[in-house]
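Since the structure comes first, as structure tokens, the remarks are kept for the end.
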Amino acid sequence: MHKKLKVIIPVLLLIAVAALTTWYLSRHSIPVMQPRGPVAYKERSLMVYALLLAVIVVLPTFALTIYIAVKYREENHTSKTKYRPNFDRSRLFESIWWGVPIIIIGILCVVAWQSAHSLDPYKPLASDKQPLTIQVISLDWKWLFIYPNQNIASVNLAEIPVGTPVKFQVTSDTIMNSFWVPQLSGQIYSMPGMITQIHMQADKPGDYFGTPANIAGKGFSRMNFTVRAASQKDFNTWLSQAAKSDKPLDASSYAELYKPSMSVPVTYYSPVSNTLYNKIVMKYMVPANDDTKITSSVPGINGMKT
């Protein structure tokens with residue numbers, strides 16, 4: 001009876017851990033495991049695939065650790081636990097515990113190579129729809145979204161149409177940060193004087209949580225934003241409403257927005273200065289004397305790929 005308990009108790013503990021894990025996952029939202037776009041679906045599949053490969057090593061390792069500790073404990077003197085002090089190696093065992101990890105690492109190398117190219121954030125998404133361009137600026141402690149072709153801007157809210165690829169051009173007008181919408185894509189860094197790009201698409205309508213993935217001072221924990229995916233009709237309505245804003249986004253209003261602030265409510269601006277984004281990028285690279293010098297010094301900022 002005592003021996004049976006030694007087997008039953010670990011099994012019950014494993015079942016309890018599995019049950020608690022399942023219960024937790026069923027009642028809590030984990031954005032990276034609930035993708036709502038093609039990029040996020042591929043990233044989740046990659047994570048699950050890598051986890052399953054790791055389990056091939058992890059589970060046998062823990063199982064053998066428990067098995068050896070129980071079988072070869074000091075008080076266990078049976079005919080099945082022979083004392084073999086001269087045993088130092090086995091070709092079979094050596095082949096297993098060296099061969100299996102080598103094979104797994106080889107598989108992971110191939111997967112990493114393929115996924116690094118297929119999930120390149122700079123790579124446009126295949127679609128028959130024209131992508132929407134949104135310029136993103138990380139500030140202390142808020143996010144500014146500029147729609148250059150629609151001549152509007154918003155703070156802490158980016159609305160996009162469902163099923164349409166979106167190209168985010170990301171920069172920073174403060175310290176380096178990271179732009180991340182877990183249910184739609186991976187993260188991309190925002191850096192002063194540089195424009196990074198990330199492409200994403202929402203397949204279902206809804207509000208998607210966005211967050212910085214890089215600590216950025218005391219307001220970091222409240223530097224969240226929302227990406228709202230809506231139907232094309234609702235998106236067009238939103239654009240019309242945002243365009244009615246009586247707050248233009250120019251040098252003066254941006255100077256006020258630039259000041260550090262936390263928990264900033266959603267705010268709309270229209271019209272938007274068509275040189276503002278370029279000035280923000282270039283002020284960390286060359287002296288900004290006039291608009292012509294700024295825009296002409298960086299081929300690729302005005303509508304071209306950077």
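Side-chain contact annotation: S231 with D234, donor-acceptor N/O pair under 3.5 Å present. Side-chain polar atoms of D173 and Y284 form a donor-acceptor pair below 3.5 angstrom. Side chain to side chain, T174 and S172 fail the donor-acceptor criterion of an N or O pair below 3.5 Å. When only modelled atom types and interatomic distance are considered, K42 and S115 share no side-chain donor-acceptor pair under 3.5 Å.
Atom-to-atom distance recorded for K123:NZ and I198:CD1 is 14.5 Å, nearest 0.5 angstrom.
Aromatic ring pairs are classed by plane angle as parallel below 30°, tilted from 30° to 60° and perpendicular above 60°; the pair Y254 and Y258 is tilted. Aromatic ring orientation, F145 versus F168: perpendicular (interplanar angle above 60°, classes split at 30° and 60°).
Contact of the I152 side chain with the Y269 side chain is not registered, since no non-hydrogen atoms from C-beta on lie closer than 4.5 Å.
Side-chain rings of F225 and W180 stay apart, their centers remaining 6.0 Å or farther from each other.
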**Message:** Please evaluate residues D250 and S253 with respect to the criterion side chain to side chain donor-acceptor pair (under 3.5 Å), reporting the C-alpha separation (whole Å), side-chain torsions for both, the decisive distance (0.1 Å), and the verdict.
**Reply:** CA-CA 5 Å; D250 50 24; S253 58; 3.1 Å; yes
**Request:** Apply the test side chain to side chain contact (heavy atoms under 4.5 Å, CB included) to residues K167 and L132: give CA-CA distance (whole Å), side-chain angles for both, the deciding distance (0.1 Å), then the verdict.
**Result:** CA-CA 6 Å; K167 178 175 70 174; L132 171 69; over 6 Å; no
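Each of V136, N177, T196, V281 was scored for a side chain to side chain contact (heavy atoms under 4.5 Å, CB included) with T171, with one residue passing: V281.
I107 shares a hydrophobic cluster with V39, L46, Y49, L53, I56, V57, L92, F93, I96, W97, W98, V100, I103, I104, L108, V111, L119, L125; the chain of contacts runs through ILVMFWY side chains whose heavy atoms sit under 4.5 Å apart.
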